[in-house]
Peer 1: 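I'd like to ask you about the structure that follows.
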Number of protein chains: 2
Amino acid sequence: MSQIKTKAPITMQELADIAGVTRGTVSRALSDSPRVNEKTKARILALAKKHKYRVNQKARNFRLRRSGVVSVVFMLDIKSEQHMSDPFFLEMLGGIADCLAEHDLDLFLAHAPIANILELQESRIFLNSDGVIFVGQGEQHSQLNAISRAEKPIVVWGAPMPRQSYCRVGGDNITGGYLATNHLLELGRRRIAFFGNVNLPEIALRYSGYKKALKEHGVKPDRHLQIEVPFEMQHARDSIEELLASHTSFDAAVCSSDVMALSAIATINEFGLRVPDDIAIVGYDDIGLARYSSPTLTTVRQNIRWAGRVLVESLLSILNGQN
Amino acid sequence: MSQIKTKAPITMQELADIAGVTRGTVSRALSDSPRVNEKTKARILALAKKHKYRVNQKARNFRLRRSGVVSVVFMLDIKSEQHMSDPFFLEMLGGIADCLAEHDLDLFLAHAPIANILELQESRIFLNSDGVIFVGQGEQHSQLNAISRAEKPIVVWGAPMPRQSYCRVGGDNITGGYLATNHLLELGRRRIAFFGNVNLPEIALRYSGYKKALKEHGVKPDRHLQIEVPFEMQHARDSIEELLASHTSFDAAVCSSDVMALSAIATINEFGLRVPDDIAIVGYDDIGLARYSSPTLTTVRQNIRWAGRVLVESLLSILNGQN
DNA sequence: CAGTAAATTGCAATCGATTGTACTTCGTCA
DNA sequence: TGACGAAGTACAATCGATTGCAATTTACTG
């Protein structure tokens, strides 16, 4: 068997030997310290490139007493059948992962649904990482507050909440809900449903934007048109099918996600009604998938990948601030 | 602000001091070495529990010159619009992640589509991990062979191939395709379509199982009934819609995945035909979602989570063998 | 009871980096 | 010319564990 040689990566000591200096000097040269002569610095950098030297991050992190890992927790709402396969989460994850990689950080993903996030503090999610990103608040705002008082930095994607002591990043959900509803109102719709669980902070804000738009057009919000449609495709279809079968009359719907909107469109079509002729639908997030659907889904744009990057940058600024 | 104290985790040296022994003895006691007296061993274990000692895996891995990380690469077929959001991949990932966690290993996920896996050897996917799990072979069988000759252990989920030098784990795709087709034949169907890209090794095997079943029933396989339907839901629907519009006559279809099957059912319904009355559908994988659909999807069961565990265990046995 | 083997435990090197401190050159100025 | 400060390097401790080898204690054997 032609065993390809284990190209054992070159170590800093070896590079130092080649350059005829000590580890310390190489280390300083690579981190561009002013304490090392410009000429030797250039020489070392050239040798490093030539020998394809790459610093051993594991050893580095060990010395610096950090893990080089950032944990990500998706606050999936179990009641709403929210699942990680939702493109919203995957795009967010993609943005986070890209940005972390650029900073030479690793990503640790919580992959079990979390009933009470306080328990995380004893788990690898917290113990093994330098910081934690929560995507969504679920219904655990107060727990997030508690956790943020501990030593480990966290950032949260979600809605602003009263007495919030954690670092938050999020879109403008009120305006989002308002815009979506307004769009439908301008199409002449008046019986506009709202699909989503308003116990979730972000959804609640969109709902208030929805009500605001309705009121501005002199339409009284109808409680029966606020339906707790789950996020997951199949469950969403079931829920909407039930709604249609109940003969509740409505001519439009604001959805809490694009997957939900696509489910609505499919279900309505199957039911023999036309979209948007009979019922107009607006989604939320603008996932890539939305652009492929026919006809193209109308949706409220959130740049999710970019949001992921912002989350990472926010966390890093906290981490560096603590240094 | 009530700053909760940074409960700096106790170190092995500190535990040793408490126990009145040295680090070495503690280390041996915790790894159940026969070289330490049973009584002291018990005492140390008790103290460890009492003080909630947890070994610093980062330091441990550093000393043992390994990373404690296993990389996972999903070989998404771009032409087939295969995407990580497919429940097949997510369930597989779940199984892998669970099993790795039980072994105190971290998971590193390749999240960009990989055109040529040989390039991975220069990336963190390889450099930063103790081993790599490939889910699927794509069309890169020979590259996998090449990679397997290098030093880093890999295992691959997929089909057996000629001159295969890498460790492979996989289901029995020939039998799977055979069973699915046979089921449809026994329902009396004769014009049975096959949906999927037969350039993918696993799909090719199922296709041969499909042909075998047909021949046994005296049905001649029709090339026009082998359709390269993409994996992704929306693209699959487009593809199947096109097929239906072309008035190609068929009364059943064997699908390459459950998502594909669910897409087929939805599209057929929208087209005004009935499932299974007009066209019967069989899926593949038995993802959780399949059980929720109505009527329940007929599918070929692959225990995906379990498969993920097998992949991990296989990789670990290679890793341990190399020691 | 001396002597040796076995059972335990301590000692110290090691993994690959970072960084504070000490030391060696210089150049400069009085 | 001798002293002094700055610049540039070398030295060595350190992060938290593992493990071969040395040292000590205990147990047996003749």
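Keep in mind that what you see is a predicted model, and the values were worked out from it rather than measured. Lettering of chains follows the sequences in order, A, B, ..., and the numbering in each one begins at 1.
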Peer 1: So, are E38(B) and R43(B) salt-bridged, with charged N and O less than 4.0 Å apart?
Peer 2: no
Peer 1: Using a cut-off of less than 4.0 Å, is there contact between a side-chain N or O of N37(A) and OP1 or OP2 of dA7(D)?
Peer 2: no
Peer 1: Should E122(A) and R54(B) count as an ion pair when the cut-off is N to O under 4.0 Å?
Peer 2: no
Peer 1: Once ring-ring contact (aromatic ring centres under 6.0 Å, His included) is applied, what residue pairs with a partner in residues 25-77 of chain B remain, sequence neighbours excluded?
Peer 2: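 Listed by first then second residue: F62(A)-F62(B), F74(B)-F89(B).
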Peer 1: Using a 4.0 Å heavy-atom cut-off to protein, can you give one letter per nucleotide of nucleotides 11-21 of chain D, 5' to 3': B if the base is in contact, S if only the sugar-phosphate is, - if neither?
Peer 2: S-BBBBBBBBB
Peer 1: Using a strict cut-off of less than 4.0 Å between a Lys/Arg side-chain nitrogen and an Asp/Glu carboxylate oxygen, indicate whether R124(A) and D106(B) qualify as a salt bridge.
Peer 2: yes
Peer 1: What integer distance in Å separates K41(B):NZ from dT9(C):P?
Peer 2: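 Nearest whole value for this atom pair: 10 Å.
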Peer 1: Test of understanding: with side-chain hydrogen bond (donor to acceptor under 3.5 Å, both in side chains), list the residues that count as partners of N116(A), not counting sequence neighbours.
Peer 2: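 Listed in chain order: nothing, the list is empty.
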